[in-house]
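Reading through the structure tokens given below for one structure.
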Amino acid sequence: MRVRRAWAEKFQAVAWASQPSSGASRHLLPQAGEGVPARRLLVGVPLLSMPAPKPAQGSIAARARALAGGPRYLEALNPEQREAVETLEGPLLVLAGAGTGKTRVLTTRIAHILASGEARPWEILAVTFTNKAAREMRERVETLVGQGVEAMQWLGTFHAISARMLRRHAELVGLKPNFTILDTDDQIRLLKQAIKAENIDEKRWPARQLAWQIDSWKNRGVTPAQVPAGEAMSFGNGKGGELYALYQERLKILNAVDFGDLLMETLRLFREQPDVLAEMHRRFKYILVDEYQDTNVAQYLWLRLLAQGRRNLCCVGDDDQSVYGWRGAEVENILRFEKDFPGAKVVRLERNYRSTGHILAAASHLISHNEDRLGKTLFTDGGLGEKPTVTGVWDSEEEARAVGDEIEALRRRGHQLNEAAVLVRASFQMREFEERFVAIGLPYRVIGGPRFYERAEIRDALAYLRCVAQESDDLAFERILNTPKRGLGDATLQLLFDYGRKQGLPLMLAARALCETEEIKPKPRATLRALIDDFARWRALIDAKPHQELAELVLDESGYTQMWKDDKTPEAEGRLENLKELVRAMEEFPDLSSFLEHVSLVMENSEGAVSDRVSIMTLHGAKGLEFETVFLPGWEEGLFPSQRTLDDNGRAGLEEERRLAYVGLTRARRRAKIYFATNRRIRGLWQTTMPSRFIDDLPAKNVEVVERAGASQYGAYGVSRFAGLDRYSSVYETPGWKRAQNGSQQRGRSAAATVIEGRVLAKSTGAADFTPGQRVMHAKFGPGTVARVDGDKLAVEFDHAGAKMVKSAFVERM
DNA sequence: GGGTGTCTGCTTTTT
DNA sequence: GCAGACACCC
């Protein structure tokens with residue numbers, strides 16, 4: 001007991017000392033992404049690794065703290081936040097609206113648990129969805145605590161924590177502790193093999209689709225045996241379930257798991273091994289979950305099993321920011337929390353510290369159109385600030401130009417580019433902005449491109465290392481067999497497959513054995529033997545050489561580095577750079593196997609130099625971030641809300657899209673700028689588009705409509721589309737509003753009559769109306785002559801715009 | 001086994 | 001409109 005108190009008190013002293021004491025610190029209120037410098041105090045004793053016995057009730061220190069009004073770190077919280085932090089016992093749901101200090105609550109809560117001595121660092125389970133969130137949480141706890149918290153070994157993503165648990169008890173679920181974690185690419189190659197083995201037409205039933213299907217089963221915690229009959233039918237003429245089973249068998253043989261298995265196998269472990277679960281219950285005194293609204297069924301079950309022990313489960317989330325339904329997230333989990341955990345306390349955080357009044361009002365009004373929500377009312381003490389703007393532009397090109405101009409103007413007024421972001425619905429929208437920004441020399445960065453470890457060169461290099469580390473890694477071996485090209489193509493691979501299957505050997509061993517037979521031609525045999533000998537040699541060096549050097553050696557001697565040096569394409573240089581980065585990253589791990597164990601789970605894009613740039617990213621990617629100024633282009637029916645989501649998921653889909661709009665708006669601190677274009681090229685075809693219904697969802701009094709000066713130059717064709725939007729007061733005449741009033745189900749599909757030179761052209765009804773030679777008028781391209789009719793598309797030779805393919809619905813006969 | 005031409009099918013994305 | 005996958009040919 002004495003030790004515990006000493007530990008807690010020492011911690012307390014550190015926590016106090018680490019708080020900035022200037023007056024400004026009083027306003028150090030929760031602001032995600034705030035630039036509070038991480039203060040680290042040099043403490044002689046590694047406090048957090050000190051053992052502490054069971055916490056005692058009502059220690060002198062605790063009582064003294066209570067009299068003094070609690071430790072300083074609690075004073076920085078508002079009453080609701082403080083309640084969320086101090087309610088340690090029992091289930092707790094923190095409904096944290098956008099910008100209300102969610103991360104602050106989570107991190108302070110952890111600090112509070114540690115400071116009060118209720119639990120030691122390794123007795124806290126803190127789960128996030130992304131590595132980034134985990135890292136941020138760790139850093140912020142460290143700032144509060146004033147020292148490193150390496151001892152918090154159970155702070156991480158669902159997947160990383162599961163992997164950790166699974167490695168400890170791998171044998172219990174039929175795996176070896178050094179199992180490989182496959183990524184999507186490996187997964188798909190494996191599934192292709194399974195599909196082929198079942199004699200299913202790969203073209204009609206692509207492996208991607210099966211991967212997606214299996215993934216969604218795993219998201220729901222469904223094993224091959226539990227696949228509902230109807231869903232098994234949905235792939236490969238009813239072979240979906242069989243393929244799933246076959247795939248799982250293959251994984252076990254390969255001693256591998258995919259991402260979904262990390263959860264599934266851990267769940268199985270908990271269910272089938274009560275003593276393992278009991279051990280977990282003993283260990284975890286407190287469980288904290290970030291972004292609870294994003295949990296899927298498997299994660300929910302996982303949490304529920306773990307939380308059964310001590311019931312000290314604290315989930316933080318915002319139902320209004322649930323935007324991952326399409327990948328299995330169940331908003332239901334958060335809506336149902338109080339039923340799932342009887343006696344649960346719910347704390348609402350509604351005081352927003354991020355956005356100005358008008359932005360908050362606009363976002364709140366927008367989201368209030370959703371039905372499935374718990375309901376929160378965000379408020380701020382800050383000023384009203386600028387109204388969000390809505391700007392209509394002619395097409396996506398003008399949209400990019402308008403955004404570029406705005407950013408330039410802001411920049412001239414001293415606005416940081418880092419504080420501006422363009423948030424799009426779909427990544428294809430990014431290109432236009434990139435092109436424009438390049439043209440005007442505006443520095444930008446695209447966030448959310450291909451992940452570092454998804455790049456071909458990284459995966460190749462990792463495959464080499466995996467082969468060195470584990471002879472039986474067939475997928476890795478298959479990948480590098482002929483990379484670089486060494487004349488071992490499909491024929492040799494097929495030979496290896498057959499031989500391996502016959503002998504029950506992994507590919508590498510099959511290759512070795514095959515070289516001793518006459519079944520392989522001399523040339524490939526020599527090459528293959530050389531490759532195998534190389535691997536044997538490299539493997540012998542594992543313990544002799546630092547793993548970094550070994551990696552370099554392998555990449556050089558295999559000819560892999562040379563392959564890219566010989567490559568004359570412009571990307572080659574960057575790829576070599578990435579390889580270097582990979583080797584550099586290995587430094588942080590003690591040996592090759594621990595590097596490989598972690599790489600698939602935690603490897604991220606290493607964003608190099610931090611320079612002042614505009615961010616371009618998807619709305620999904622922007623969740624959890626904030627910017628001074630946010631640009632929200634593409635608010636058009638069909639694009640946002642996405643027609644596909646509407647078609648597939650109806651009202652639920654629409655509500656998820658609306659939440660995405662809410663997320664977009666609430667990223668802005670001071671300025672939100674919405675755009676919609678009248679014409680957009682979608683899948684190569686120009687389409688006339690309507691303003692998004694979400695624009696109609698905005699409260700007129702908090703929004704300003706901006707007529708873009710440049711737009712009028714296109715007036716000749718565009719007048720009709722802008723007519724209703726000159727003044728916001730006339731918003732109730734916008735197409736979106738009228739549509740809503742009519743309750744019509746037509747969603748921006750009908751071609752509006754176009755006004756040309758004062759006369760209204762006949763509305764076309766279909767491609768049948770058109771024949772080659774027909775004169776037509778298009779809203780964007782003007783007059784032209786039909787050259788060819790192709791379904792509902794027309795090849796038109798425009799008088800001024802040249803040859804284009806256009807949808808017949810968007811041209812008028814002349 | 002490697003290069004060229006045609007066909008298809010296109011949100012969001014973490015781990 | 002364009003990328004990625006596949007088939008076909010050398």
Side-chain angles (χ1 to χ4, degrees), chain A residues 127-134 156-163 181-185 187-188 192 202-204 206-209 211-212 215-216 218-219 257-264 291 294-296 298-299 322-329 423-432 447-451 453-454 456 481-482 485-494 521 523-524 527 598-605 617-624 634 638-649 653 656-657 659-660 663-664 681-686 793 803-806:
Chain A
V127 208
T128 63
F129 277 83
T130 63
N131 290 306
K132 195 171 152 230
T157 62
F158 275 101
H159 292 87
I161 289 171
S162 294
I181 300 168
L182 300 187
D183 58 30
T184 327
D185 208 78
Q187 196 185 354
I188 284 175
K192 272 194 179 140
E202 240 187 286
K203 272 192 174 156
R204 267 196 66 198
R208 283 210 150 274
Q209 194 189 322
W212 190 87
D215 227 43
S216 63
K218 287 182 179 176
N219 283 159
V257 295
D258 62 21
F259 286 124
D261 282 339
L262 288 172
L263 266 301
M264 286 290 279
E291 307 275 17
D294 287 339
T295 47
N296 60 36
Q299 286 156 341
S322 161
V323 291
Y324 285 113
W326 51 274
R327 67 174 198 214
L423 310 183
V424 297
R425 174 63 181 83
S427 34
F428 70 79
Q429 292 172 260
M430 292 179 179
R431 187 190 293 195
E432 205 120 29
I447 295 179
R451 241 147 289 289
Y453 67 84
E454 276 171 12
L481 182 65
N482 201 31
K485 305 263 186 289
R486 47 171 76 91
L488 299 173
D490 286 348
T492 313
L493 183 62
Q494 198 53 52
K521 293 206 181 76
K523 211 169 152 198
T527 323
H598 284 90
V599 76
S600 54
L601 284 175
V602 297
M603 237 355 220
E604 287 170 281
N605 270 347
M617 64 181 104
T618 63
L619 286 160
H620 284 95
K623 207 171 111 191
L639 176 60
F640 189 40
S642 146
Q643 190 59 47
R644 175 99 175 253
T645 302
L646 261 40
D647 291 344
D648 294 352
N649 301 312
E656 182 155 313
E657 294 282 303
R659 291 194 289 267
L660 207 46
V663 166
R681 193 169 50 195
I682 292 169
R683 290 188 217 131
L685 294 175
W686 281 97
K793 295 174 225 163
K804 302 265 186 236
M805 286 294 284
V806 293

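As the structure is a prediction and not an experimental result, all values here were calculated from the model. Proteins get letters first, then strands, A, B, ... in listed order; numbering begins at 1 in each.
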Sugar-phosphate only, base, or nothing, as touched by Leu262(A) at under 4.0 Å among non-hydrogen atoms:
nothing
Do Phe259(A) and Asp215(A) have side-chain heavy atoms sitting under 4.5 Å apart?
no
To the nearest Å, how far apart are Ile181(A) CD1 and dT15(B) P?
13 Å
Base, sugar-phosphate, or nothing for Thr157(A), non-hydrogen atoms under 4.0 angstrom?
sugar-phosphate
What nucleotide among dT12(B), dG1(C), dT13(B) has an atom nearest to a side-chain atom of Arg327(A)?
dT13(B)
Have a look at Arg425(A) and say if it touches a base, only the backbone sugar-phosphate, or nothing, with a 4.0 Å heavy-atom cut-off.
base
Expressed as a whole number of angstroms, how long is the span from Arg644(A):CZ to dC10(B):P?
7 Å
Rounded to whole angstrom units, what separation is found between the NE2 atom of His620(A) and the C1' atom of dT15(B)?
16 Å
May I ask you to test the Arg327(A)-Asn296(A) pair for a side-chain heavy-atom distance under 4.5 Å?
no
Side chain of Trp326(A): nearest nucleotide among dG2(B), dT15(B), dT13(B)?
dT13(B)
Atom CH2 of Trp212(A) and atom C1' of dT15(B) are separated, to the nearest Å, by 17 Å
Nearest whole Å is fine: how far is dG1(B) C1' from Lys523(A) NZ?
10 Å
Round to the nearest Å and state the distance from Arg486(A) atom CZ to dG1(B) atom P.
13 Å
Do Val663(A) and Leu619(A) have side chains that get closer than 4.5 Å, going by heavy atoms?
no
Pick the nucleotide of DNA chain B nearest each of Lys485(A) and Phe259(A); which residue has the one closer to the 5' end?
Lys485(A)
For Phe158(A) and for Phe428(A), locate the closest nucleotide of DNA chain B by heavy-atom distance; then report the residue assigned to the nucleotide nearer the 5' terminus.
Phe428(A)
Under 4.0 Å, heavy atoms only, any strand: does Arg431(A) hit a base, just the sugar-phosphate, or nothing?
sugar-phosphate
Figure out the CZ/P separation between Arg208(A) and dC10(B), and round it to whole Å.
11 Å
Using the test side-chain contact (heavy atoms from CB on, under 4.5 Å), find all partners of Thr157(A) that sit at least two apart in sequence or belong to another chain.
Thr128(A), Asn131(A), His159(A), Ala160(A)
Is Thr618(A) close enough to dT13(B) that one of its side-chain N or O atoms is under 4.0 Å from OP1 or OP2 there?
yes
Taking the side chain of Thr184(A) as its heavy atoms from C-beta onward, which of dT13(B), dT12(B), dT15(B) lies nearest to it?
dT15(B)
Locate the shortest heavy-atom distance separating Ile188(A) from Ala211(A); write the atom from each residue and the value.
CG1-CB, 4.0 Å
Which part of the nucleic acid, if any, lies within contact of Glu657(A), taking any heavy atom under 4.0 Å across all strands shown: a base, the sugar-phosphate backbone alone, or nothing?
base
Within the structure, does a side-chain N or O atom of Asn296(A) lie under 4.0 Å from either OP1 or OP2 of dT15(B)?
no
All heavy atoms of Asp294(A) vs all of Ala329(A), minimum pair found to be O-CB, 3.3 Å
OP1 or OP2 of dG1(B) less than 4.0 angstrom from a side-chain nitrogen or oxygen of Thr492(A), does that happen here?
yes
Is any side-chain heavy atom of Glu291(A) closer than 4.5 Å to a side-chain heavy atom of Tyr324(A)?
no
How is Asn482(A) classified with respect to the nucleic acid when contacts are heavy atoms under 4.0 Å: base, sugar-phosphate, or nothing?
sugar-phosphate
Using a cutoff of under 3.5 Å, can you pull out all pairs of nitrogen or oxygen atoms linking the protein to nucleotides 4-10 of chain C, with atom names and distances?
none

Distance check needed: dT12(B) C1' versus Leu423(A) CG, whole Å only.
13 Å
Please work out if Gly260(A) contacts a base, only the sugar-phosphate, or nothing of the nucleic acid, heavy-atom cut-off 4.0 Å.
nothing
Closest nucleotide among dT15(B), dT13(B), dC2(C) to the Thr130(A) side chain
dT15(B)
Please check this pair: side chain of Glu656(A) against backbone of Gly653(A), looking for a donor-acceptor N/O pair closer than 3.5 Å.
no
Heavy-atom donor-acceptor pair, Asn482(A) side chain to Gly487(A) backbone, under 3.5 Å
yes
